[in-house]
Number of protein chains: 2
Amino acid sequence: MSVEESTSRPAPRTARGARTRARLLQAAEDVFATVGYPEASIVRITELAGVALGTFYVHFTGKKEIFDEVVLDLSRRVRQAMSEASSAAPDRLQAERDGFRAFFAFTAEHPALYRIIRQAEFVSPEVMRTHYDDICSGYASGLDRAMGAGEIRQLDPMVAAWALMGAGELIGMRWVLWEEGGQIPDPVFEQLMRLIEGALAPTPTDGESR
Amino acid sequence: MSVEESTSRPAPRTARGARTRARLLQAAEDVFATVGYPEASIVRITELAGVALGTFYVHFTGKKEIFDEVVLDLSRRVRQAMSEASSAAPDRLQAERDGFRAFFAFTAEHPALYRIIRQAEFVSPEVMRTHYDDICSGYASGLDRAMGAGEIRQLDPMVAAWALMGAGELIGMRWVLWEEGGQIPDPVFEQLMRLIEGALAPTPTDGESR
DNA sequence: ACGAAACATGAATCACCTTTCATGTTTGGC
DNA sequence: GCCAAACATGAAAGGTGATTCATGTTTCGT
């Protein structure tokens, strides 16, 4: 009747256990983001966390399990940052702006997100897929609502969500992750917004009969 | 005075050598795409290629070198497929259609491209960056020309290239790589084209004075 | 403040992988 | 057809890192 995976460790039962587990997770995030999964050894993670090697196996069954947890955690955090930022917007265009701003800010603050997600394809395809699915369905339902209100043109919200997410992802990689500035240049952001605006804006041809 | 990297092996001097090298490259592409870089051992590659373990080191200095060559090769092939497909188009919109069609077709035929490029971030960041830079600068110069001809609106061609490339990449991942069909569904393709058309189309506001 | 369960430790084990090298085989220019 | 260079081989050396476990320490409910 347990909901837990049979291969995972029981949750910590004491404050000390929880603390150690959290330190291991944080260290793992750093190590995975810095040297990548192949080079990330358990020894490295435990050394950075400041715990003994054997302690790792008290909390996790292996490298893949801790990787999955790190991905899930990052995914949850970026989604929350984006939805929080865009929820207060008065209209769809502003929601797009706020959501993307939050995404780029998160990327700047947590480069680990990109670097780790991109490795997940092989380490843990399911968890990677879940991450993108979760982001995009949230995005798509926002578009759907705006479409109902006539704010944007009629289109398949899922396709639009994946396409726009992809645009943001590569722009973020190029101008946030690969530049030391850490913040997206305003002109780049504005250009991206123009593109998105153009892609979503209702057009005269929308109402055509044939 | 040599142009070669000091760490790379000399090119094969006989037909047999060239054949063996090619088999190793093909095997490496398969192994990297199937099990990922971390799990890809030289033993596995040589076994799939049908050569002895030691033979590998006759042709490559190590795992990273053969990985780089595989990435470079895939990158060159996809760029050629895309530019060939779009070069004959009469206008920009058709060039977009043809280029993206070619990209999705290549993805369907060589899933290795995605799977391998995504791992390159850590294995070989320079080579990954080169791949995206090369694709996007080709794309951007096409947009630049169309902009000069007034076919599309005034915008930063680099930002547009990276954004549209990203849109194509995620759409390809979701509907080509992750679906067994292997071919992008027509409605999805058409939706993507509508978005791109909207993003690039000249708008009345383009000519405004302020 | 007691004691049982939870937690932490790190040396030792085990499995696997990279790389080398001495030796044998094939190739292709002459 | 000869032979020097190129190529292929696989056993073995040398590492590295994942995982286990017997033992010691801390926590926390009572």
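Values reported hereafter were calculated over all heavy atoms of this structure, with side chains retained and with hydrogens, waters and symmetry mates removed. Here is how names work: the chains are called A, B, and so on, in the same order as the sequence lines, proteins then strands, and each is numbered from 1.
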Calculate the interatomic distance between [X] atom [atom1] and [N] atom [atom2]; express it in whole Å.
X       : N      : atom1 : atom2 : value
B:Glu65 : C:dT18 : CD    : P     : 15 Å
A:Phe60 : C:dA8  : CZ    : P     : 11 Å
A:Phe56 : D:dC21 : CZ    : P     : 17 Å
A:Ile42 : C:dA15 : CD1   : C1'   : 15 Å
A:Arg23 : C:dC7  : CZ    : P     : 15 Å
A:Leu24 : C:dC7  : CG    : P     : 13 Å
B:Tyr57 : C:dC17 : OH    : P     : 11 Å
B:Arg9  : C:dT19 : CZ    : P     : 11 Å

Name the nucleic acid region contacted by [X], choosing base, sugar-phosphate or nothing; use a 4.0 angstrom heavy-atom cut-off, strictly under.
X       : result
B:Leu53 : base
B:Ser41 : sugar-phosphate
B:Ala18 : nothing

B:Pro12 side chain, from C-beta outward: closest of C:dA8, C:dT20, D:dC7:
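Of all the options, the side chain of B:Pro12 is nearest to D:dC7.
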
Which nucleotide in C:dT18, D:dA8, C:dC7 has an atom nearest any side-chain atom of B:Val58
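Nearest nucleotide to the side chain: D:dA8.
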
Strictly distance-based, threshold 3.5 Å: is any side-chain N or O of [X] a donor or acceptor partner for the main-chain N or O of [Y]?
X        : Y        : answer
B:Gln119 : B:Tyr37  : yes
B:Glu151 : B:Arg92  : yes
A:Thr107 : A:Phe103 : yes

Do the side-chain N or O atoms of B:His59 get closer than 4.0 angstrom to the phosphate oxygens (OP1, OP2) of D:dA8?
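Indeed, a polar side-chain atom of B:His59 lies that close.
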
Would you mind telling me which residue lines up with the more 5' stretch of DNA chain C, A:Val51 or B:Gly62, judged by nearest nucleotide?
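That would be A:Val51.
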
Residue whose nearest DNA chain C nucleotide is more 5′ - A:Thr20 or B:Glu39
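Taking each residue's closest nucleotide, the earlier one in sequence belongs to A:Thr20.
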
Please determine if [X] and [Y] form a salt bridge, counting it only when a charged side-chain N lies under 4.0 Å from a carboxylate O.
X        : Y        : value
B:Arg118 : A:Glu169 : yes
B:Glu84  : B:Arg77  : no
A:Asp98  : A:Arg101 : no

Go along nucleotides 23-30 of chain C 5' to 3' and tag each nucleotide: B for a protein heavy atom under 4.0 Å from its base, S when only backbone or sugar atoms are that close, - otherwise.
---BSS--

Pairing string, 5' to 3', for DNA chain D - Watson-Crick or wobble contacts under 3.5 Å, brackets [ ] where pairs cross, | to another strand:
||||||||||||||||||||||||||||||

B:Arg97 side, atom CZ; B:Ser86 side, atom OG - distance, nearest 0.5 Å:
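Atom-to-atom, B:Arg97:CZ and B:Ser86:OG are 14.0 Å apart.
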
Between A:Tyr139 and A:Glu96, is a side chain to side chain donor-acceptor pair (under 3.5 Å) present by the stated rule, with each step listed?
CA-CA 10 Å; A:Tyr139 197 166; A:Glu96 293 293 331; 2.5 Å; yes

For residues 172-183 of chain A, tabulate all N or O donor-acceptor pairs below 3.5 Å that involve a side-chain atom, not counting sequence neighbours.
| from | atom 1 | to | atom 2 | distance (Å) |
| --- | --- | --- | --- | --- |
| A:Arg174 | NH1 | A:Glu179 | OE2 | 2.7 |

If I compare all heavy atoms of A:Ala28 with all of A:Ile66, which pair ends up nearest, and what's the gap?
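So the two residues come closest at CB-CD1, 3.6 Å.
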
